[in-house]
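Read the structure below first, then the notes.
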2 protein chains.
Amino acid sequence: MKIALLGGTGDIAEGLVLRWSKAGHEIIVGSRSEEKAQTITDEYKEKLASLGIEGQITGMANADAAKAAEVVIISIPPEYAASTIESIKDSFTNQVVVTPVVPMSRHEDKAFMFEPPEHGSCALEIQAALPETARLVSAYHNLPAKELSQVEEDLDYDVVICGDDEEAKAIVTKITEDMPTMRVLDAGPLKLSPMIEAITPLIVNLNVKHKKHFSVKFV
Amino acid sequence: MKIALLGGTGDIAEGLVLRWSKAGHEIIVGSRSEEKAQTITDEYKEKLASLGIEGQITGMANADAAKAAEVVIISIPPEYAASTIESIKDSFTNQVVVTPVVPMSRHEDKAFMFEPPEHGSCALEIQAALPETARLVSAYHNLPAKELSQVEEDLDYDVVICGDDEEAKAIVTKITEDMPTMRVLDAGPLKLSPMIEAITPLIVNLNVKHKKHFSVKFV
């Protein structure tokens, strides 16, 4: 499929680009400017070549990247995610849009806390910014970036997703299973997203305290 | 140790009573009236006998049960938990108090949602009801009742805990490890509790949709 990563760098973006390229998907890196997107794309191309993966990857400004893709991953920090989507709203028709965005902050005592926007979750805030035709799925909040980017390693994690469009969730399930051997667990409608997003700051606290890169499994 | 279960029936209480009895702990069942507590205690005694477990178990009114115990488990529905603790406040000195209480409700569309009280979590609401000397730990939110009560089966689950008293967390860790082979993961201070409590309604949604009794592991 044609998968755009808006934002395109940082956190889990690299792992997704590498693993989906390996699985034969076409990647579009979106960034604020086409130039920036090209720079990031060149870095990914180099990385893919060094791993012997033949990837199809191009760079575009966010608006063009979203327009060209079937699936759009919002790889943007929580404070800019909804406003970025709002600013390129016209690029969306019926794409599947995926939000892994987590609203959290670090307190002075170093505790990481879930701090949702007024909508109750980043997913609901982003949904309000998208046109109604776009099909939003909440997913990929709890993947450890380092392990995700190690493409030779299989990942025995659960990816909990939620959303209001069954076909969109089926597509996200398919492309997630292309990253072996992650299992998708559909929790239900998009309004469940705060409970999925809130696991991330908990994991970050556990990671700091126990010096791990935890993900989650439901057993 | 002397462990009281206030409320004493329902959900995870049975599994805790059986497993801690098996591990040699002394159980005190607390209920609104001593009479009710005795009835519940007799049922547990019968169950223990049928499983060939020699248990030390007595029934008392909640106030006496809390007073007599070293560790007090609040096995009370969220809407009554804080007010019950408030009503027997004088029974608490420096006991370790454990809250597995989760504030959730079921919407008309059958989705289970995390709906915390004004304090932000049941843990913080209960802390406000307790005297400052009591040492509250948040734990046991995400244990499946049925599996917990099957005492012959080892449980490969993670129990995420949080609290502000390190010694109290060490005691909870010890009595949790007496229920093989659960692992305790300390997340940090008590204020992290909303993120632990919110996993439960997510799991309930997953259970309904996937016909499972999920617990959680961090891997």
Side-chain angles (χ1 to χ4, degrees), chain A residues 102-104 106-116 120-121 138 141-144 147 155-162 164 166 169 182-210 212-219, chain B residues 102-104 106-116 120-121 138 141-144 147 155-162 164 166 169 182-210 212-219:
Chain A
V102 172
M104 65 175 165
R106 193 181 195 187
H107 283 197
E108 269 183 29
D109 63 359
K110 297 185 181 170
F112 289 85
M113 300 297 289
F114 178 58
E115 286 183 358
S121 68
S138 199
H141 308 83
N142 299 308
L143 297 177
E147 283 70 11
L155 301 173
D156 188 19
Y157 304 144
D158 284 338
V159 172
V160 186
I161 69 170
C162 65
D164 298 328
E166 297 302 323
K169 288 195 281 192
M182 292 201 279
R183 175 178 68 163
V184 170
L185 287 173
D186 178 9
L190 193 72
K191 69 177 184 180
L192 304 184
S193 194
M195 295 175 278
I196 304 174
E197 295 175 18
I199 296 175
T200 306
L202 182 64
I203 283 179
V204 177
N205 286 301
L206 290 171
N207 286 347
V208 171
K209 207 167 172 85
H210 300 273
K212 297 272 187 181
H213 301 130
F214 282 120
S215 184
V216 72
K217 272 186 77 74
F218 293 85
V219 292
Chain B
V102 172
M104 63 175 165
R106 192 181 196 187
H107 283 197
E108 269 182 31
D109 63 359
K110 297 185 181 172
F112 289 85
M113 299 297 290
F114 178 58
E115 285 182 358
S121 67
S138 200
H141 309 82
N142 300 307
L143 297 177
E147 282 70 12
L155 301 173
D156 188 20
Y157 304 145
D158 284 339
V159 172
V160 185
I161 68 171
C162 65
D164 297 328
E166 296 302 322
K169 287 195 282 193
M182 293 201 278
R183 175 177 69 162
V184 170
L185 287 173
D186 179 9
L190 193 72
K191 70 176 183 180
L192 304 184
S193 194
M195 294 175 279
I196 304 174
E197 295 175 18
I199 296 174
T200 306
L202 182 64
I203 284 181
V204 177
N205 287 301
L206 290 171
N207 287 346
V208 171
K209 208 168 171 84
H210 300 274
K212 296 270 187 183
H213 301 130
F214 281 121
S215 185
V216 70
K217 272 186 78 73
F218 293 86
V219 292

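A note on names: the letters A, B, ... follow the listed sequences, proteins ahead of strands, and every chain is numbered from 1.
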What part of [X] gets closer than 4.5 Å to chain B, counting heavy atoms only: side chain, backbone, both or neither?
X	value
K110(A)	neither
D109(A)	side chain
V160(A)	side chain

Go through L185(A) and H210(B) one step at a time and tell me if the side chain to side chain contact (heavy atoms under 4.5 Å, CB included) criterion holds.
-> CA-CA 8 Å; L185(A) 287 173; H210(B) 300 274; 4.1 Å; yes

Option that, when pairs with chain A are counted at under 4.5 Å, heavy atom only, ranks first among M195(B), M113(B), E147(B) |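 Result: the option with the highest number of such pairs is M195(B).
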
Would you check if F112(A) and L192(B) make a side-chain contact, meaning some heavy-atom pair closer than 4.5 Å?
->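 F112(A) vs L192(B): side chains apart.
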
What distance separates F114(B) CZ from F114(A) CZ, expressed to the nearest 0.5 Å?
->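 Between atom CZ of F114(B) and atom CZ of F114(A) there are 9.5 Å.
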
Distance-minimising heavy-atom pair for F214(B) and R183(A) =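 Scanning both residues completely, I find the closest heavy atoms to be CE2-NH2, 4.1 Å.
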
Where on H107(B) is there a heavy atom nearer than 4.5 Å to chain A: the side chain, the backbone, both, or neither?
-> side chain

Passes side chain to side chain contact (heavy atoms under 4.5 Å, CB included), L202(A) versus I199(B)? Steps please.
-> CA-CA 10 Å; L202(A) 182 64; I199(B) 296 174; 3.7 Å; yes

Before giving the answer on side chain to side chain contact (heavy atoms under 4.5 Å, CB included), spell out for D186(A) and K209(B) the whole-Å C-alpha distance, their side-chain angles and the decisive distance to 0.1 Å.
-> CA-CA 8 Å; D186(A) 178 9; K209(B) 208 168 171 84; 3.2 Å; yes

Residue pair D156(A), V219(B): steps toward the side chain to side chain contact (heavy atoms under 4.5 Å, CB included) verdict = CA-CA 8 Å; D156(A) 188 19; V219(B) 292; over 6 Å; no

